[in-house]
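Before any comments, here is the structure.
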Amino acid sequence: MGGFAAYVFLAVLAVSFFVSAVRILREYERGVVFTLGRFTRVAGPGFIIIIPVVQQMVRVDLRTFVEDVPTQDVISRDNVSVRVNAVIYFRIVDPQKAIINVENYMEATSQLAQTTLRSVLGKHELDEMLAERDKLNGDIQEILDSQTDAWGIKVANVEIKHVDIDESMIRAIAKQAEAERLRRAKIINAEGEQQAAEKLVEAGKILSGDPRAMHLRYFAALHDIAGEKTNTIVFPLPVDLLEGVRPGSRS
């Protein structure tokens, strides 16, 4: 009876050892194996066996993580207070560095993203935040990627989602935009006057080359005015215009 109990004990011990020694890692997982506290290897995916008590394994997910950066209060270079939030996409490319070089790579990446977002946007004016969002996304992504490289993390993309402005500042921006439109309208009008003046000068030079051309232009203007029958029109008649019709003007 005692021998049977011993066999049962050994069988249970073997099953327990097998269960605790076997690990199955999915295709997107890797295992960082430590032997007596020292790094041994990166294992997986598939069927993995570790020595219980002597070895420990930490699972690492290699899929892309989506981290929502909390809303940050940012003061732009032109002293405008805005609230900005963003989202970052990153993944682990070196499981060894992600486990050994940083305590919590998720928290570390999130905190770094928040500080980088405030630092980069604080160097730009509000107009740049609104109009050059793609450029700012690229700058933030480049900085994060370079700083997380030591953690075995690759930052694939950064997207600024919202730039919220205070209501009073929205009204000020609207006034600024209206003033800018008026300025452009005045410039366009002035440029039109300048081009019209240049064309009039050219036309005057052409007409001055032959007095008969000036007379024909004068009669054309009178014809245009004559179309308005509701008004009485008084116009001067140049004396030299009659030279061609005076008796004896032809020789």
Around atom [atom1] of [X], are there more than 12 heavy atoms of other residues, nucleotides or ligands at under 6.0 Å?
X      : atom1 : result
Ile75  : CD1   : no
Glu132 : CD    : yes
Lys161 : NZ    : yes

*asked:* Tell me every residue that passes side chain to side chain contact (heavy atoms under 4.5 Å, CB included) with Arg181, counting only those two or more places apart in sequence or in another chain.
replied: Ala177, Glu178
_Partners passing salt bridge (Lys or Arg N to Asp or Glu O under 4.0 Å) against Glu180 (at least two apart in sequence or in another chain)_ = Arg183, Arg184
*With sequence neighbours excluded, what pairs up with Arg83 under the salt bridge (Lys or Arg N to Asp or Glu O under 4.0 Å) test?*
Asp73
Can you check whether [X] reaches [Y] side chain to side chain, under 4.5 Å on heavy atoms?
X      : Y      : value
Asn157 : Val155 : no
Val69  : Asn85  : no
Val84  : Thr71  : no

*What pair of heavy atoms forms the shortest contact from Val163 to Arg133, and how long is it?*
CG2-NH2, 3.6 Å
*Looking only at heavy atoms, which two atoms of Gln55 and Ile49 are closest? And how far apart?*
OE1-O, 4.5 Å
*Please lay out, stage by stage, how Ser110 and Glu67 fare under the test side-chain hydrogen bond (donor to acceptor under 3.5 Å, both in side chains).*
CA-CA 7 Å; Ser110 177; Glu67 180 71 19; 3.3 Å; yes
*Can you tell me which residue pairs pass the side chain to side chain donor-acceptor pair (under 3.5 Å) test with a partner in residues 143-153, sequence neighbours excluded?*
Asp145-Lys154
*Listed once per pair and sorted, the side chain to side chain donor-acceptor pair (under 3.5 Å) pairs that draw on residues 22-32, sequence neighbours left out*: Glu29-Arg59
*Steps toward side-chain hydrogen bond (donor to acceptor under 3.5 Å, both in side chains) verdict (Gln111, Glu107)*: CA-CA 6 Å; Gln111 293 295 327; Glu107 181 66 20; 2.9 Å; yes
_With ring pair (Phe, Tyr, Trp, His ring centres under 6.0 Å) as the rule and sequence neighbours excluded, what pairs involving residues 32-88 come up?_
Phe65-Phe90
